[in-house]
Amino acid sequence: MKFSKWFSVLAVVLIFGGIAVSQQNAKKRRDRAVLNIPKFEEADTICFALYTVSDNTLKLTAQLYPLAEGAPLKACLEIEDNGLWEEVASTEIIKEGWTAPFRVEKWDDSKTVSYRVIHGKKATYEGTIRKNPTDKEEIVVAAFTGNSIHPGHGGDISRQDIIDNVKKVDADILFFSGDQVYDHHRHLAAWLKFGRDFGEIIKDRPTICLPDDHDAGQPNLWGESGKISTLGGASDGGYSRPAAYVREVERAQTSHLPDPVDPHKIQQGIGVWFTNFKWGNVDFAILEDRKFKTGPAGRVPKQGPRPDHIRNPEYDPASVDVDGAVLLGERQLKFLNSWSSDWQDAKMKVALSATIFCGGAHIHGGANGRLHADMDSNGWPQSGRNRALDSLRKAFAFHLAGDQHLATIFHHGIDEFRDAIWSFCVPSIANLYLRWWEPLKPGANREANSPEYTGDHLDGFANKVTNYAAANPERKPAGNVLNTRSAGFGIVRLNTGERTIKMECWPRNVDITDPKTSQYPGWPKTISQFDNYNPTSWGKAGEIAFNVADPVVEVTDELSKEVLYTVRIKGKIFRPHLPKGTTFTLKAGRNASDQTVGTRLKVGSEKQSITLK
């Protein structure tokens, strides 16, 4: 009798438990996208194409659907000249990922031309190669991150609003900072969907894509120079997916970028793509802030249930800044130090990377998920973070990134608050994972009438940061599943005449040209190019008048022999901003700092006139 009663209870538990599990699984299926490669006609074999033009070299990658057995493995690129089509390149199609990478050197970037990619007898794909907009004062960058397609948080909602707005502002450049793909095993199918969603705007303007962790098929990425990761979550560093998969992802998303400045491959034959891209008198450094980064597991004291999460607010931040921990790595730092001093054909500098150089959120996942520090952020390792910021501020570079699922504006500090560069982290296209910037204490030195979360703070790694805006989602998002989760995109207006940077942060499904449309609170924000290295503790030297407009100047510490900064100034008048208590040498030139024009320069020194050759 007792056994019979027990058996009946067990049966009820199993039945209702099974129903509950079935319902949970059904909900998970409803919340996730069904991802398939659709059937296509032969004429539609070419899904989309991405390109850049830099230093008079055109690189264009056409993305094809999987070809049938026996289909030709060659594609051609033609341009239109006086109404006639002329072939300028042909290439073999790479079957692992179905890409067709084209390269045309000695490209004339002074004019706009129509192009078409041809495959077989029926398939064509047309677009426009824009002229280099060196005659424009304002360069418009449309910036995106976090392209989830899952319906549970609005990922299935059309991207037409983005397409329409990019066309309305006529963006000069598109920047996708990472997580273009959220499927960890079917990159090709997801990448083709990305192309169907965004190809209409990608085909007609230069596009920068940076593959991040989800693109590479893992939840977080500490690439550690290409080693194989063996831990769930990959916090031991390296790649979880096979190297062939990673190479296919990077070929699809980056083979159209300008050539890497240091092309030597890392472990497992994985390539690199860090480089620079010059367009419209702006020089963009394209960085790989994941590929060389050290994994934390086994290297730092564990401060929580996960090796990469610190939940103990009493921990010593210096204890995790361990010797040997790498962020950008020596190869990229060497590149940045060279890039910062090269101002040929450039008036402004911008760094593009996956994410920002701080811990940019306090609450993760849900409204109660407070996390003291996250080693997936570029706030760690602190020494590597500071070296990166020091290299970037020498060029007065602005930093544009994504990844955080939370739009923010920060002014970063190394030795003092606000002594380094500004960053803008753009919001997710569709926000898979919620985060909030909610410090426990009000920030110091806030602007008038600003929220308490703004102002000077230490992030979870004791890095100095000053927050100016954060598009925090609602505590319990509901209704408008995109905008209550703070989905959207960024627009950055780089004015090379005035040397200003205007950051805009827009929600989804609005008309950004309508004066009645509001941005997220805290935007727009406009700064000067020269705010990217303007410590409050410094002083001014006397005014220097040059005989030519916009020369390049370089300031070097006479004691340490280190370059303080190099920049192309605005106009003929320059008043150097300098640390107090030491002297500097000034070099200058029309397009490079190739003439020594002053020594013993210091705060308070006399004004002078300089004639450049």
Side-chain angles (χ1 to χ4, degrees), residues 35-53 57-108 112-130 159 163 174 176 180-181 183 186-209 211 215 244-245 247-259 271 273:
L35 186 61
N36 295 307
I37 297 176
K39 294 181 179 180
F40 59 94
E41 300 295 329
E42 184 181 347
D44 300 321
T45 297
I46 304 166
C47 180
F48 71 115
L50 313 92
Y51 76 85
T52 61
V53 177
T57 297
L58 165 68
K59 294 182 70 177
L60 182 149
T61 298
Q63 177 63 60
L64 285 72
Y65 285 99
L67 299 179
E69 189 70 30
L73 294 176
K74 181 181 178 182
C76 298
L77 175 64
E78 296 182 344
I79 63 171
E80 188 178 24
D81 185 14
N82 293 322
L84 300 176
W85 289 99
E86 173 190 358
E87 182 178 313
V88 293
S90 63
T91 190
E92 293 295 315
I93 295 166
I94 301 171
K95 296 175 67 175
E96 295 78 12
W98 303 105
T99 54
F102 297 96
R103 179 188 185 92
V104 183
E105 297 182 352
K106 298 181 180 179
W107 182 264
D108 181 0
T112 296
V113 299
S114 297
Y115 73 87
R116 67 182 183 186
V117 180
I118 297 176
H119 175 261
K121 296 181 179 180
K122 296 183 178 180
T124 62
Y125 186 88
E126 297 189 13
T128 301
I129 308 292
R130 295 189 171 207
R159 273 59 171 165
I163 303 299
L174 303 182
F176 293 89
Q180 287 71 249
V181 165
D183 192 287
R186 297 172 295 173
H187 177 267
L188 176 60
W191 183 240
L192 288 166
K193 176 166 175 47
F194 171 84
R196 292 192 297 274
D197 286 343
F198 293 102
E200 186 178 343
I201 51 175
I202 289 174
K203 68 185 178 65
D204 294 330
R205 50 184 53 79
T207 300
I208 309 297
C209 276
D215 301 285
Y245 186 92
R247 291 194 295 267
E248 180 180 319
V249 169
E250 295 196 343
R251 186 165 52 244
Q253 297 202 25
T254 71
S255 60
H256 68 290
L257 295 181
D259 293 344
W273 36 265

[X] (side chain) donor-acceptor with [Y] (main chain) under 3.5 angstrom:
X    : Y    : result
H119 : E42  : no
D204 : G127 : no
T91  : P101 : yes
K203 : A49  : no
H187 : G97  : no
T61  : K59  : no
R247 : E96  : no

- Query: Hey, mind stepping through F198 and F48 against side chain to side chain contact (heavy atoms under 4.5 Å, CB included) and telling me if it holds?
  - Reply: CA-CA 9 Å; F198 293 102; F48 71 115; over 6 Å; no
Which value, rounded to the nearest 0.5 Å, describes the distance between [X] atom [atom1] and [Y] atom [atom2]?
X    : Y    : atom1 : atom2 : result
R186 : I37  : CZ    : CD1   : 9.5 Å
E86  : E78  : CD    : CD    : 9.0 Å
R159 : F194 : CZ    : CZ    : 10.0 Å
Y51  : L77  : OH    : CG    : 12.0 Å
I79  : Y115 : CD1   : OH    : 12.5 Å
R205 : T52  : CZ    : OG1   : 15.0 Å

Heavy-atom check, side chain of [X] versus side chain of [Y], under 4.5 Å:
X    : Y    : result
P66  : L188 : yes
S114 : E126 : no
I202 : F176 : yes
I129 : L60  : yes
C47  : Y125 : no
L64  : F40  : no

- Query: Of E248, Q63, Q180, Q253, which is the lone residue that meets side chain to side chain donor-acceptor pair (under 3.5 Å) with W191?
  - Reply: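 Running side chain to side chain donor-acceptor pair (under 3.5 Å) over E248, Q63, Q180, Q253 with W191 returns exactly one hit, Q63.
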Mind listing the closest non-hydrogen atom pair of [X] and [Y] along with its distance?
X    : Y    : result
D183 : A190 : CB-CB, 4.4 Å
A123 : I46  : O-CD1, 4.1 Å
G271 : E250 : O-OE1, 3.5 Å
W273 : P211 : CZ2-CD, 3.7 Å
C209 : L50  : SG-CD2, 4.1 Å
Y245 : D215 : CE2-O, 4.3 Å

- Message: Determine whether V88 and L58 satisfy the following criterion, side chain to side chain contact (heavy atoms under 4.5 Å, CB included), listing intermediate values before the conclusion.
- Response: CA-CA 11 Å; V88 293; L58 165 68; 5.8 Å; no
- Message: Between R103 and D259 (salt bridge meaning N to carboxylate O under 4.0 Å), is one present in this structure?
- Response: yes
- Message: Using a 6.0 Å cut-off, check whether atom CD of E87 has over 12 heavy atoms from anything other than its own residue.
- Response: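 Atom CD in E87 is packed in, count exceeds 12.
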- Query: Would I93 and L67 count as a side chain to side chain contact (heavy atoms under 4.5 Å, CB included) if you check the C-alpha gap in whole Å, the side-chain angles of each, and the deciding distance to 0.1 Å?
  - Reply: CA-CA 10 Å; I93 295 166; L67 299 179; 3.9 Å; yes
- Go through the steps to decide whether L73 and W98 satisfy the test side chain to side chain contact (heavy atoms under 4.5 Å, CB included), and finish with yes or no. CA-CA 9 Å; L73 294 176; W98 303 105; 4.1 Å; yes
